[in-house]
Amino acid sequence: MASGSRVRIARRPAGSTDPWQIMRTTGDALTVAMETQRSEEIRSDRTRGDQKTTMINPNGTVSFEFTAVNFDSIMSSVLSNAWVTDSLINGVAETRWDYLKSYMDVDEHILISDASETQLQLSATSGQKVTGQVTVMGRGHDDEYDPSGDTFEEPEATIIMDMSNNFHTVLIDGSAPTGICVKGFDITINGNFQSDQCGGDLYQHHEPGTFDFSGNVNFRFSTASMGLWRKGLLSDPIAFGFSLSAEDYSYALALPRVFLSGDLPSGALDTILDQQLDITPARDATGVMMQIDRTVPTPP
């Protein structure tokens, strides 16, 4: 018997012997999926023939509560770029990772190898935690991996972030807006990876496509939020950003050119109206679709 609370997820650069970095997770859907083909031979005795595996697909998602430091390399990987002087923008430098899913109480360890981190979702609602989910697409696996000679590093014990205490500094077109109340956000960075499979190979190949940033921001309905909605009618983009900070760490996320769309709120009995606007980020004049600036404490 195995316990779900004793599943450990760790990652490290693909093909390396670096220490495994244990992840702080709230759940996962990492798996080694398979596609099968069954014989369709017609037999007079009414029996069926064999089945064969024709594709092995190591893939899945890892869910987490957002904390400082622990997910910096995932943001870098999904955005296909490196942090430069604590600043990160979208790029084209793909990195790959090995993931290890361990069922600790039965000593079973499944390696998903040469994996791309293809999508990252960050979301939060007022009064709730900031949560995330990363999507993983592997190109190989080992379902009998032996980690006995490996080393494992614990994650940083930074505090989880939430919308009440850690969400700050909303900026629209570079300045703090008046009359705006943000009640939640949902932002997805999607690398639009495409997959195909060669003859003689059970695994798929995955190739990055065009970045697609999507999601929504939920505002308390107001004259100011209606002003944003009207910008959507006019195809007039805005610059939108906010910061998340805890302890001595902060992350300022900026979307320099965002198109808005959405419906008008509907009346309801004894209800405070919200206005949810969908966001469609586009490239600015320098090719930036998203920028994240971080502040980290100076080492003692």
Side-chain angles (χ1 to χ4, degrees), residues 4-13 16 18-30 60-90 95 97-102 104 115 117 119-136 150-171 182-189 215 241-255 290-300:
S5 61
R6 296 207 61 206
V7 176
R8 183 184 67 189
I9 307 296
R11 65 192 278 274
R12 68 182 180 187
S16 76
D18 293 357
W20 290 99
Q21 182 64 56
I22 298 172
M23 298 180 66
R24 293 174 64 174
T25 70
T26 56
D28 79 277
L30 293 178
T61 59
V62 178
S63 301
F64 56 87
E65 298 163 336
F66 186 75
T67 57
V69 181
N70 292 299
F71 302 100
D72 288 15
S73 64
I74 289 179
M75 290 187 283
S76 171
S77 175
V78 175
L79 283 170
S80 297
N81 215 340
W83 290 92
V84 178
T85 319
D86 291 321
S87 185
L88 175 67
I89 61 174
N90 52 283
T95 56
W97 301 83
D98 291 339
Y99 271 72
L100 186 63
K101 182 173 183 175
S102 298
M104 301 299 289
E117 294 169 327
Q119 180 173 292
L120 176 64
Q121 180 183 23
L122 293 173
S123 58
T125 303
S126 54
Q128 302 296 317
K129 295 171 288 188
V130 180
T131 61
Q133 185 179 85
V134 60
T135 300
V136 176
D150 296 347
T151 56
F152 291 82
E153 293 183 349
E154 292 292 328
E156 293 288 336
T158 46
I159 193 168
I160 61 173
M161 296 197 191
D162 66 85
M163 278 285 286
S164 301
N165 297 287
N166 309 113
F167 181 85
H168 306 290
T169 321
V170 175
L171 296 176
V182 176
K183 300 180 68 174
F185 66 87
D186 189 323
I187 298 174
T188 296
I189 309 164
F242 61 86
S243 66
L244 296 167
S245 59
E247 300 166 317
D248 294 322
Y249 299 89
S250 70
Y251 296 84
L253 186 149
L255 302 168
M290 174 181 282
Q291 179 169 334
I292 305 172
D293 295 312
R294 66 183 178 186
T295 301
V296 297
T298 303

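Shown here for G127 and M163, the closest heavy-atom pair between the two residues is N-CB, 4.1 Å. The shortest heavy-atom contact between W97 and P13 is CE3-N, 3.5 Å. Across all their heavy atoms, I9 and Y99 have their closest contact at CG2-CD2, 4.0 Å. Shortest non-hydrogen contact noted between T158 and A68 is OG1-O, 2.8 Å. Minimum heavy-atom separation, D98 to S16: OD2-N, 4.5 Å. Residues I292 and W83 approach most closely at O-CZ3, 3.5 Å, considering heavy atoms.
Rounding to the nearest 0.5 Å gives a distance of 9.5 Å between CD1 of I89 and CG of L79. Rounding to the nearest 0.5 Å gives a distance of 6.5 Å between CD of E117 and OG1 of T95. Separating the OG1 atom in T61 from the CD atom in Q121 is a distance of 10.0 Å, to the nearest 0.5 Å. Separating the CD1 atom in I189 from the CG atom in L122 is a distance of 6.5 Å, to the nearest 0.5 Å. Here the CG atom belonging to L120 is positioned 11.5 Å from the OG atom belonging to S76, to the nearest 0.5 angstrom. Here the CG atom belonging to N165 is positioned 12.0 Å from the CG atom belonging to L244, to the nearest 0.5 angstrom.
For T25, the side-chain hydrogen bond (donor to acceptor under 3.5 Å, both in side chains) criterion is met by no residue, not counting sequence neighbours. Applying the ring-ring contact (aromatic ring centres under 6.0 Å, His included) test to Y249 and every residue at least two apart in sequence or in another chain returns nothing. Applying the side-chain hydrogen bond (donor to acceptor under 3.5 Å, both in side chains) criterion to R294, with sequence neighbours excluded, gives D72, D86. T295 meets the side-chain hydrogen bond (donor to acceptor under 3.5 Å, both in side chains) test with S250; sequence neighbours excluded. With sequence neighbours left out, the side-chain contact (heavy atoms from CB on, under 4.5 Å) criterion links K183 to S126, C181, N218, R220, D274. Taking Y251 as the reference, F66 meet the ring-ring contact (aromatic ring centres under 6.0 Å, His included) condition, with sequence neighbours excluded. Among residues two or more places apart in sequence or in another chain, the side-chain contact (heavy atoms from CB on, under 4.5 Å) test is passed with T125 by Q128. Residues satisfying the side-chain hydrogen bond (donor to acceptor under 3.5 Å, both in side chains) criterion with S5, sequence neighbours excluded, are S3. For D293, there are no salt bridge (charged side-chain N to carboxylate O under 4.0 Å, His left out) partners, not counting sequence neighbours. With sequence neighbours excluded, the residues forming a side-chain contact (heavy atoms from CB on, under 4.5 Å) with L171 are T169, listed by chain and number.
No side-chain heavy atom of V62 sits under 4.5 Å from any side-chain heavy atom of R11. Put simply, the side chain of F167 does not reach to within 4.5 Å of the side chain of M161, judged on heavy atoms. In this structure, F64 and N70 have side chains that are not in contact, with every pair of non-hydrogen atoms separated by 4.5 Å or more. P19 has its side chain out of reach of R12: every pair of non-hydrogen atoms, C-beta onward, lies at least 4.5 Å apart. Proximity of F185 to V170: side-chain heavy atoms (C-beta onward) are nowhere separated by under 4.5 Å. Side-chain contact between V136 and L30 is present, with heavy atoms from C-beta onward closer than 4.5 Å.
Between the side chains of T26 and S63, not a single donor N or O lies within less than 3.5 Å of an accepting N or O.
Listed for the T67 side chain is no donor-acceptor partner under 3.5 Å among the backbone atoms of I159. Proximity of a side-chain donor or acceptor of Q21 to a complementary backbone N or O of E154 within less than 3.5 Å is detected.
For residues 155-167, there are no salt bridge (Lys or Arg N to Asp or Glu O under 4.0 Å) pairs, not counting sequence neighbours. Pairs passing the salt bridge (Lys or Arg N to Asp or Glu O under 4.0 Å) check and including a residue from residues 18-29, sequence neighbours excluded, read D28-K101.
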message: Checking F71 against V134 for the side chain to side chain contact (heavy atoms under 4.5 Å, CB included) test, could you report, in this order, the C-alpha distance in whole Å, the side-chain angles of both residues, the deciding distance, and whether it holds?
response: CA-CA 10 Å; F71 302 100; V134 60; over 6 Å; no
